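In the text below, chain A, chain B and the rest are named by the order of the sequence lines, each starting its count at 1. Since this is a predicted model, take the numbers as computed values, not measurements.
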Number of protein chains: 2
Amino acid sequence: MPRESVRAERRTEALSRERIVQAAIELLDAEGESGLTFRALTTRLATGAGAIYWHLANKDEILAATTDFIVDAALNVVGDEAAPADALRAVALGLFDAIDAHPWVGAQLSREPWQAAMLQIFERIGGHLEALRVPQKAQFFAASTLVNYVVGVASQEAANARNPVHGGDRDAFLAIIAGKMSALDPGKYPFVTRLAAELPGHDDREQFLAGIDLILAGLAATAVKR
Amino acid sequence: MPRESVRAERRTEALSRERIVQAAIELLDAEGESGLTFRALTTRLATGAGAIYWHLANKDEILAATTDFIVDAALNVVGDEAAPADALRAVALGLFDAIDAHPWVGAQLSREPWQAAMLQIFERIGGHLEALRVPQKAQFFAASTLVNYVVGVASQEAANARNPVHGGDRDAFLAIIAGKMSALDPGKYPFVTRLAAELPGHDDREQFLAGIDLILAGLAATAVKR
DNA sequence: ACCTGAACACCGTTCAAGT
DNA sequence: ACCTGAACACCGTTCAAGT
């Protein structure tokens with residue numbers, strides 16, 4: 001005897017891990033990290049909390065699975081046909097854009113160093129180092145430097161997205177930050193106060209890529225020596 | 001009429017922002033990120049929740065203040081007498097060691113891109129770039145690359161510390177990770193499976209410094225060109 | 001001005017009970 | 001085997017009331 005209701009969706013398909021993960025992604029995208037609760041999830045899936053626990057162990061596993069899904073999709077649209085440095089840039093930019101679209105992924109990556117999504121990132125980045133003529137012994141260091149940099153940027157993207165001002169008006173957000181920076185004591189903060197002027201209109205994506213290029217330049221300087 | 005109790009400390013000093021922040025740091029160090037709750041804090045300070053809210057706006061502000069305190073202490077033991085690259089390494093290592101001792105700081109840094117602790121890190125890192133002959137226009141990119149790298153490493157340190165196995169036995173922890181990595185399909189994960197052998201016995205601090213040196217090498221390659 | 005602590009509106013997770 | 005949903009043990013935050 002299904003009720004006729006406007007909001008409550010009748011469940012047509014059986015519950016499954018995949019359906020739960022999809023619903024979780026939709027919630028996270030729509031409401032942000034705080035939007036994913038068992039209450040919201042059970043409402044959306046028209047089920048009880050216990051049903052979700054039947055398919056996934058706990059909230060951490062839901063978050064890991066959603067992150068895997070987005071990272072996997074982001075990494076597998078990248079082709080491998082380009083020169084190694086370009087391929088590496090494409091991988092990094094693919095990740096950046098995915099986290100830009102799903103900022104909660106950025107926060108999640110920093111919480112799971114050795115889980116599936118991170119291992120996949122490690123592989124897709126590290127796999128290009130041989131072609132870049134990075135010595136075998138330096139490849140672990142090189143890959144982890146690149147990965148840690150990506151994770152750092154990702155976490156900051158996630159934090160910025162959490163800021164309510166940022167969601168509405170990015171220019172206003174940057175202006176506020178720039179204001180705070182230029183209000184600091186120039187005697188104690190000569191660098192930051194000078195930087196404040198450069199903040200408005202700056203491009204996160206371009207800056208991200210500049211960092212990748214800087215690390216690649218360091219690798220090139222090292223690789224040349226052997 | 002003070003009760004005579006073994007555990008409950010009678011409060012001798014008045015409550016203050018400083019006392020609350022110190023108590024919060026002790027809780028975070030002793031119990032980890034999940035140990036800081038208003039219940040635990042009010043018990044330790046022998047007060048009520050409202051008293052804490054009188055001195056600090058909310059939990060985020062407590063976390064920001066504790067992070068400021070640790071970062072400030074870490075950055076201000078570093079002298080400036082060395083060559084610019086060495087000074088920069090000293091700043092980075094000071095941060096690494098502080099986060100190693102207080103892993104919750106690592107998690108917190110990734111949540112507050114433009115707050116006091118991060119601005120101070122930005123300043124202490126960026127302030128050496130002029131001496132490193134990094135062109136003015138590249139200093140913003142260079143500083144943010146270094147800072148993002150540090151934040152990435154910091155967040156992974158925090159995540160590792162959260163892992164219960166890690167707390168007890170680091171070798172066992174690395175062995176488990178290495179096992180998971182070598183269990184992957186070498187066809188899909190050639191890089192990661194090969195890396196598994198290098199994981200046991202590897203030194204996080206050394207690896208962190210190698211990343212800093214890699215970025216510095218990139219900067220040197222860029223600076224030389226002008 | 002500063003503090004108390006009960007009450008409120010949430011959480012994630014468990015589990016007896018249903019089918 | 002799979003699902004339900006009330007109950008449990010927590011949270012951060014508020015606020016009327018005290019001093």
Side-chain angles (χ1 to χ4, degrees), chain A residues 1-3 5 7-25 27-28 30-67 104 107-108 111-112 162 164, chain B residues 1-3 5 7-25 27-28 30-67 104 107-108 111-112 162 164:
Chain A
M1 202 196 326
R3 287 187 299 113
S5 161
R7 318 285 323 274
E9 305 181 15
R10 264 177 311 142
R11 206 166 70 216
T12 50
E13 308 165 60
L15 210 53
S16 67
R17 183 185 164 95
E18 287 70 34
R19 272 177 50 78
I20 294 168
V21 170
Q22 283 310 313
I25 289 173
L27 271 171
L28 287 162
E31 318 268 357
E33 294 164 58
S34 64
L36 181 63
T37 67
F38 277 84
R39 265 76 174 175
L41 206 47
T42 52
T43 302
R44 180 174 282 251
L45 291 167
T47 183
I52 292 170
Y53 281 94
W54 180 263
H55 294 278
L56 294 119
N58 50 37
K59 190 172 179 178
D60 278 349
E61 192 167 314
I62 300 176
L63 280 167
T66 54
T67 303
W104 49 272
Q108 189 53 27
R111 274 187 231 114
E112 46 168 46
R162 229 167 352 229
Chain B
M1 200 196 327
R3 285 187 302 114
S5 162
R7 316 287 320 276
E9 306 178 18
R10 263 177 312 144
R11 205 167 69 218
T12 51
E13 309 164 60
L15 211 55
S16 67
R17 183 186 163 96
E18 288 69 33
R19 273 177 51 75
I20 295 168
V21 170
Q22 282 310 311
I25 289 173
L27 271 171
L28 288 162
E31 319 269 354
E33 293 163 60
S34 64
L36 181 63
T37 67
F38 276 84
R39 265 74 172 176
L41 206 48
T42 52
T43 302
R44 179 174 282 251
L45 291 167
T47 184
I52 292 171
Y53 281 93
W54 180 262
H55 293 280
L56 294 119
N58 50 36
K59 190 172 180 179
D60 278 350
E61 193 168 313
I62 301 176
L63 280 168
T66 56
T67 302
W104 48 272
Q108 190 53 26
R111 273 187 233 112
E112 45 171 42
R162 227 164 357 225

Legend entry - Heavy-atom donor-acceptor pair, A:Arg39 side-chain to D:dG5 base, under 3.5 Å: no
Nearest whole angstrom, please: distance from the [atom2] of [N] to the [atom1] of [X].
| X | N | atom1 | atom2 | result |
| --- | --- | --- | --- | --- |
| A:Ile52 | D:dA1 | CD1 | P | 21 Å |
| A:Arg17 | D:dC3 | CZ | C1' | 18 Å |
| A:Leu63 | C:dG12 | CG | C1' | 12 Å |
| B:Ile62 | D:dC11 | CD1 | C1' | 13 Å |
| A:Ile20 | C:dG12 | CD1 | P | 14 Å |
| A:Glu61 | C:dT13 | CD | P | 11 Å |
| A:Leu56 | D:dC3 | CG | P | 12 Å |
| B:His55 | D:dG12 | NE2 | P | 18 Å |

Legend entry - Contact nearer the 5' end of DNA chain C, comparing A:Ser34 with A:Ala57: A:Ser34
Inset, instruction - For D:dA17 versus C:dC2, give the span between their P atoms, rounded off to a whole number of Å. - result: 22 Å
Inset, instruction - Could you pick out which residue, A:Trp54 or A:Ala49, lies toward the 5' side of DNA chain D when each is mapped onto its nearest nucleotide? - result: A:Trp54
Inset, instruction - Under a 3.5 Å limit for both distances, which nucleotide forms a Watson-Crick or G-U wobble pair with D:dA7, could you say? - result: C:dT13
Inset, instruction - If C:dA1 has a Watson-Crick or G-U wobble mate with both distances under 3.5 Å, name it; if not, just say none. - result: D:dT19
Inset, instruction - Side chain of A:Lys59 only, please: which of C:dC3, D:dG12, C:dG12 is the nearest? - result: C:dG12
Inset, instruction - Name the closest nucleotide to the B:Phe38 side chain, picking from D:dG12, C:dT14, C:dC11. - result: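 The answer is D:dG12, which lies nearest to the side chain.
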Which heavy atom in [X] sits nearest to a heavy atom in [Y], and how many Å separate them?
| X | Y | answer |
| --- | --- | --- |
| A:Leu56 | A:Ala65 | CD2-CB, 4.4 Å |
| A:Ala64 | A:Gln108 | N-NE2, 4.2 Å |
| B:Ile62 | B:Leu36 | CG2-CD2, 4.2 Å |

Inset, instruction - Looking at every strand, decide which applies to B:Leu36 at a 4.0 Å heavy-atom threshold: base, sugar-phosphate, or nothing. - result: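 If one applies the 4.0 Å heavy-atom cut-off, B:Leu36 turns out to touch the sugar-phosphate alone, with no base involved.
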Inset, instruction - Mark yes or no for whether B:Asn58, through its side chain, and B:Glu61, through its backbone, hold a donor-acceptor pair below 3.5 Å. - result: yes
Inset, instruction - Run the salt-bridge test on A:Arg111 and A:Glu33 with the 4.0 Å N-O cut-off and return the result as yes or no. - result: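 Looking at A:Glu33 together with A:Arg111, the answer is yes, because their closest N to O distance falls below 4.0 Å.
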